[in-house]
Amino acid sequence: MLARWKEWRDWDDLGLGRFGRPFAGLDELRREMDSLLSDFEREGVPARWQAGLWPRLELNDEGKWLLLQAELPGVTEKELDVTVTADTLTVRGTRKDEVPGGYSVHRRERPAVEFARSITLPCRIDAERAEATMKNGVLSLRLPKAAEAQPKQITVKAS
């Protein structure tokens with residue numbers, strides 16, 4: 001007599017529950033990853049860019065100034081607009097998907113996008129002395145702290 005082969009997912013019929021399916025967690029992870037990747041391919045521009053989570057930023061306190069770095073692959077300095085107020089910094093721009101003459105696109109995974117990202121700075125800064133440089137797709141901003149926000153050295157006296 002022939003018996004039908006039972007796959008892992010059919011073992012629930014035997015009453016073993018999750019013990020009969022040792023890879024159930026991996027199956028669920030695979031389904032979630034498939035869903036995530038299909039959303040990415042279907043929508044083109046990921047939702048996280050539209051939600052203001054792009055570009056990725058890193059802000060460090062260097063004592064007398066703040067150092068901000070933003071990853072902006074494919075964006076040139078001409079396509080950027082950086083504005084700063086006393087305690088808010090905004091980076092906005094566009095990334096174009098221009099194809100050089102004589103070439104064609106076979107696959108496009110970095111679409112054209114318009115972005116804007118604002119963050120509240122942890123202290124007031126002197127916007128007049130701020131410096132910005134762009135190198136290898138990384139925007140670096142050096143934001144000097146305002147005089148009242150800079151750290152003060154306090155001398156300790158023996159009593």
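Every value quoted in this text rests on a predicted model; they were computed, and no experiment measured them.
Under the side chain to side chain donor-acceptor pair (under 3.5 Å) criterion, N60 pairs with E58, not counting sequence neighbours. Taking V156 as the reference, nothing meets the side-chain contact (heavy atoms from CB on, under 4.5 Å) condition, with sequence neighbours excluded. In this view, S118 and T90 satisfy the side chain to side chain donor-acceptor pair (under 3.5 Å) rule, not counting sequence neighbours. The side chain to side chain donor-acceptor pair (under 3.5 Å) check on R129 picks up D126, with sequence neighbours excluded.
Between P55 and R117 the shortest side-chain heavy-atom distance falls below 4.5 Å. Looking at heavy atoms from C-beta onward, L57 lies out of side-chain contact with L89 at the 4.5 angstrom threshold. Taking 4.5 Å as the limit, some side-chain heavy atom of F115 sits within range of a side-chain heavy atom of V91. Using a 4.5 Å heavy-atom threshold, the side chains of L121 and V84 count as touching.
A salt bridge links D34 with R30: the closest approach of a Lys/Arg side-chain nitrogen to an acidic carboxylate oxygen falls below 4.0 angstrom.
The two residues T94 and E114 make their nearest non-hydrogen contact at CG2-CG, 3.4 Å. For the residue pair M134 and V75, the shortest heavy atom distance occurs at CE-O, 3.1 Å.
Cluster partners of V138 are absent, since no Ile, Leu, Val, Met, Phe, Trp or Tyr has side-chain heavy atoms less than 4.5 Å from it.
Rounded to the nearest 0.5 Å, atoms CG (L139) and CG (L72) are 6.0 Å apart. Between L143 atom CG and R124 atom CZ the span is 13.5 Å, to the nearest 0.5 Å. Atom CD in E131 sits 10.5 Å away from atom CG in L67 (nearest 0.5 Å). Of the inter-residue distances, the one linking L26 atom CG with R31 atom CZ reads 10.5 Å to the nearest 0.5 angstrom.
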**Request:** Could you walk me through whether I119 and L68 pass the side-chain contact (heavy atoms from CB on, under 4.5 Å) test, one step at a time?
**Result:** CA-CA 11 Å; I119 62 168; L68 180 125; 3.6 Å; yes

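A salt bridge (charged side-chain N to carboxylate O under 4.0 Å, His left out) check over residues 60-84, counting only residues at least two apart or in different chains, returns the pairs D61-K145.
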